[in-house]
Amino acid sequence: MSRPYAEVIGDPIAQSKSPAIHGFWLDKLGIEAEYRATRVTQDEVGAYLVERQADPDWRGCNVTMPLKQAVQAHLHSVEEPAASIGAVNTIYRSPDGRLLGTNTDAAGFLEPLTQELQGAHLFRMARILGAGGAARAIAHALAERNFTLVIAARRTEQASALVAQLARSEQHHVVSLDHFAGATDFAFDDRQGMLDLVVNASPLGMRGKPALQFDWSHAPPGAIAYDIVTDPLDTPFLQGARDAGHETVDGLAMLIGQAAEAFRRFYGASPPRQHDDELRAMLTS
């Protein structure tokens, strides 16, 4: 007998941890459903969605690289914040059968920063390394929370296009990624009452990709280092941050957070977050 299922799509997709996360929650809740990983190329997106829309067992999909923008043309509606971000990472079916796109990356990224964001700050600044789909979600989320952003990318024109779409665009800055590769003797001012983030929102440092070149002399004292890469989990970027005395947040935090938002849409239940420690242990074993 067939069972309801959701899945993650992308190219490549074999490395995805999403099936393990959703499968863990389904098992804990005793829900008779599945979560799969399916390789879909950019050329196949349209046909894939037509086929899945006709499948009564399909509950939706998460979308990863390089499809977060390509899927939008094939959806009936793109919700906020995905419409503003310009990237969809979750597709689900409405009660009347239409395909809806949303973005849970922004909420997932912010989740581990909840405590810090509850405080009042004199100034908030984030250095975001990368300007792709995930970086778009992160930049929009932080701009809405009154961060001044420095977006660094290999293609500065891509970063400039992103900045132009942000709230208070004139307060944000664009630099080449190379700017952060070498040491600086810049004298940071007193960061008391400030909140500083340094975020790797690029695939650099991922297994099989080039390393991210970032010299930690560019990070203000007390800055939090956040790497969205999940394979490997403890990246050279995070190791360098710890060596320089910074707090760190790894990619599993965002991955689990965004998955939780999608899980509710797919299966109509809240994931059992009280088991997060066990889930992390399973994912890192």
Side-chain angles (χ1 to χ4, degrees), residues 63 65 68-69 72 78-90 101-177 179-180 188-189 191 193-204 212 214 218-220 222-229 237 241 246-249 251 253-255 257-258 260-262:
V63 182
M65 296 184 296
K68 292 184 180 185
Q69 291 169 291
Q72 295 178 69
V78 177
E79 303 173 338
E80 291 294 348
S84 294
I85 292 168
V88 165
N89 84 319
T90 302
T102 191
N103 191 299
T104 65
D105 279 337
F109 173 81
L110 293 172
E111 186 182 270
L113 301 172
T114 300
Q115 186 172 342
E116 286 81 6
L117 293 173
Q118 287 173 344
H121 301 99
L122 298 174
F123 186 68
R124 294 175 170 182
M125 173 168 273
R127 292 155 175 81
I128 300 176
L129 314 175
R136 295 172 71 90
I138 291 166
H140 277 267
L142 293 177
E144 288 182 354
R145 283 152 186 83
N146 297 316
F147 278 80
T148 294
L149 307 179
V150 178
I151 300 182
R154 288 174 290 189
R155 292 170 49 211
T156 54
E157 67 276 12
Q158 185 181 26
S160 296
L162 171 53
V163 163
Q165 298 170 351
L166 298 175
R168 301 176 297 110
S169 61
E170 72 283 353
Q171 297 183 25
H172 308 306
H173 310 278
V174 171
V175 298
S176 169
L177 194 58
H179 172 77
F180 291 117
F188 288 101
D189 54 12
R191 306 310 285 180
M194 313 291 188
L195 177 57
D196 289 290
L197 304 176
V198 182
V199 183
N200 177 29
S202 79
L204 294 174
L212 172 62
F214 184 86
H218 287 276
I224 299 171
Y226 195 143
D227 196 338
I228 71 168
V229 168
F237 177 80
H246 296 280
E247 293 183 34
T248 61
V249 180
M254 177 177 174
L255 185 65
Q258 66 82 23
E261 295 290 322

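Keep in mind that this is a model prediction, so the values were computed, not measured.
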* Asked: Among N103, T102, T90, V88, which one satisfies side chain to side chain contact (heavy atoms under 4.5 Å, CB included) with E79?
  -> T102
* Asked: Does some side-chain heavy atom of N146 sit less than 4.5 Å from a side-chain heavy atom of R168?
  -> yes
* Structure fact -> Nearest heavy-atom approach of A83 to V78 is N-CG1, 3.6 Å
* Structure fact -> Closest non-hydrogen contact found for A143 with A167 is CB-O, 4.3 Å
* Looking only at heavy atoms, which two atoms of M65 and P203 are closest? And how far apart? -> CE-CB, 4.5 Å
* Asked: Is there a donor-acceptor contact under 3.5 Å from the side chain of H172 to the main chain of L149?
  -> yes
* Asked: What are the two closest non-hydrogen atoms of E111 and T114, and how far apart are they?
  -> O-OG1, 2.6 Å
* Asked: Tell me, do V198 and F180 make a side-chain contact under 4.5 Å, heavy atoms counted?
  -> no
Cut-off 3.5 Å, no hydrogens considered: what does the side-chain donor-acceptor table look like for residues 119-141, sequence neighbours left out?
{"unit_1": "H121", "atom_1": "ND1", "unit_2": "G119", "atom_2": "O", "d": "3.4"}
{"unit_1": "H121", "atom_1": "ND1", "unit_2": "R124", "atom_2": "NE", "d": "3.0"}
{"unit_1": "H121", "atom_1": "ND1", "unit_2": "R124", "atom_2": "NH2", "d": "3.2"}
{"unit_1": "R124", "atom_1": "NH1", "unit_2": "R145", "atom_2": "O", "d": "2.9"}
{"unit_1": "R124", "atom_1": "NH2", "unit_2": "L117", "atom_2": "O", "d": "3.1"}
{"unit_1": "R124", "atom_1": "NH2", "unit_2": "G119", "atom_2": "O", "d": "3.0"}
{"unit_1": "R127", "atom_1": "NE", "unit_2": "H218", "atom_2": "O", "d": "3.4"}
{"unit_1": "R136", "atom_1": "NE", "unit_2": "I85", "atom_2": "O", "d": "2.7"}
{"unit_1": "R136", "atom_1": "NH2", "unit_2": "I85", "atom_2": "O", "d": "3.0"}
{"unit_1": "R136", "atom_1": "NH2", "unit_2": "Q165", "atom_2": "OE1", "d": "2.8"}
{"unit_1": "H140", "atom_1": "NE2", "unit_2": "S84", "atom_2": "O", "d": "3.1"}

* E116, CD: over 12 other non-hydrogen atoms inside 6.0 angstrom -> yes
* To do: Would you name the heavy atoms of G86 and Q72 that are closest together and state the gap between them?
  => O-NE2, 2.9 Å
* Asked: Does T104 offer a backbone N or O that forms a donor-acceptor pair with the side chain of N89 under 3.5 Å?
  -> yes
* E170 atom CD, neighbour heavy-atom count above 12 within 6.0 Å -> yes
* Minimum heavy-atom distance N200-L204, with the two atoms named -> ND2-O, 3.1 Å
* Walk me through it: do F237 and V229 pass the test side-chain contact (heavy atoms from CB on, under 4.5 Å)? => CA-CA 10 Å; F237 177 80; V229 168; over 6 Å; no
